[in-house]
Amino acid sequence: MSGPATDMDGEPPVIPRWRRWAFDLVFYAGSVPIMMTVPVSALFGQKAVIAHATVWTSFYHWTLRRLLGLTVVVEGDRPIGPALYAAKHQAMFETLELQRLLDGPAMALKQELATIPVWGWAARRYGALVVDRDGSATALRTMMREARAAKADGRSILIFPEGTRVAPGETPPLKSGFAGLYRMLAIPTVPVAVDSGRLLPRQGPRRRGTVTIRFGEVVPPGLPRHEAEARVHAAINALERGQAIRAFARSPVSRRPGPAR
């Protein structure tokens, strides 16, 4: 789609109102039958629910591209086999797009969402990790148990270690749950930087342009807590500071190229 790269203020151009309305109508109306048919998929087990979820996230990707004119660029590589993906969280975008790109990882989910009728039930059947942001010991043990089960099934785990959705430029410290998962899982950790909030803010107009997803350098298991946290925090916020993350790690972890989009 053609159009100016920026508006008069130097920002990406605002998406026309009719396109925003078309996206809202098509995506949310189309999501209803997808969500309502999850119980049918659940009859065939977790793999069927994961495949069902991937249909939904692929539909989301299509509506972003066709109706809002957004493109997605994936940079960097990711390891072969299960990994702990620790991602920046600025918009709903990465919660759905990373589900698709990472082949159905077990994903951290706020406790409030797990109580929504149908949605919460489907998320648990999918294998989501329910996160209690108050950080009770019982909830943390439950999350650890769910993450261990996902690893045993050969699935990657996706978390948002800063604990909540933040606006561009905000870089809060990592929550303590990250360190627990990093130590307990003992698998490669991949920081994921995104800049989705620049185009898809919680408040304000949505804008056209390119969203970047950048897989950072692998953080190998076994590092001291402070070092692992520092490396992950710097990497997931690298796009905020305009810093480059090397595409290949210097660790002995085998890697595979990121998917082209």
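Between the side chain of Ser58 and the backbone N or O of Val55 there is no donor-acceptor pair closer than 3.5 Å. In this structure a side-chain-to-backbone donor-acceptor pair under 3.5 Å is present from Ser156 to Ala83. With hydrogens and angles ignored, the 3.5 Å screen pairs a side-chain donor or acceptor of Lys151 with a backbone N or O of Leu185. Of the possible polar contacts, none joining the His233 side chain to the Glu162 backbone as a donor-acceptor pair under 3.5 Å is found.
Every residue was checked against the ring pair (Phe, Tyr, Trp, His ring centres under 6.0 Å) condition with Phe93, not counting sequence neighbours, and none meets it. When the ring pair (Phe, Tyr, Trp, His ring centres under 6.0 Å) test is applied to His89, the partners found at least two apart in sequence or on another chain are Phe160. Judged as a salt bridge (Lys or Arg N to Asp or Glu O under 4.0 Å), and not counting sequence neighbours, the contacts of Glu75 are Arg214. Listed by chain and number, the residues in a salt bridge (Lys or Arg N to Asp or Glu O under 4.0 Å) with Arg155 amount to none (sequence neighbours excluded). With sequence neighbours left out, Arg198 forms a salt bridge (Lys or Arg N to Asp or Glu O under 4.0 Å) with Asp195. For Arg145, the salt bridge (Lys or Arg N to Asp or Glu O under 4.0 Å) criterion is met by no residue, not counting sequence neighbours.
Each salt bridge (charged side-chain N to carboxylate O under 4.0 Å, His left out) pair with one or both residues in residues 115-131, not counting sequence neighbours, would appear here, but there are none. Sequence neighbours left out, not one pair with a member in residues 33-42 passes salt bridge (charged side-chain N to carboxylate O under 4.0 Å, His left out). Listed by first and then second residue, the salt bridge (charged side-chain N to carboxylate O under 4.0 Å, His left out) pairs involving residues 39-54 amount to none (not counting sequence neighbours).
One side chain, Thr54 or Gln99, offers a donor N or O that lies under 3.5 Å from an acceptor on the other.
Residues Ile157 and Tyr85 form no side-chain contact, since every pair of their non-hydrogen atoms from C-beta on lies 4.5 Å or further apart.
Using the six-membered ring where Trp is involved, Phe59 and Phe27 have ring planes that are parallel, under 30° apart on the 30 and 60° scheme.
Residue Leu25 belongs to no hydrophobic cluster, having no ILVMFWY side-chain heavy atom closer than 4.5 Å to its own. Taking Ile, Leu, Val, Met, Phe, Trp and Tyr as hydrophobic and joining them when side-chain heavy atoms fall under 4.5 Å apart, one finds Val49 in a cluster with Ile50, Tyr126. Other residues sharing a hydrophobic cluster with Val32 under the 4.5 Å side-chain heavy-atom criterion for ILVMFWY residues are Met36.
Phe23 pairs with exactly one of Leu67, Leu70, Ile15 by the side-chain contact (heavy atoms from CB on, under 4.5 Å) rule, that one being Leu67.
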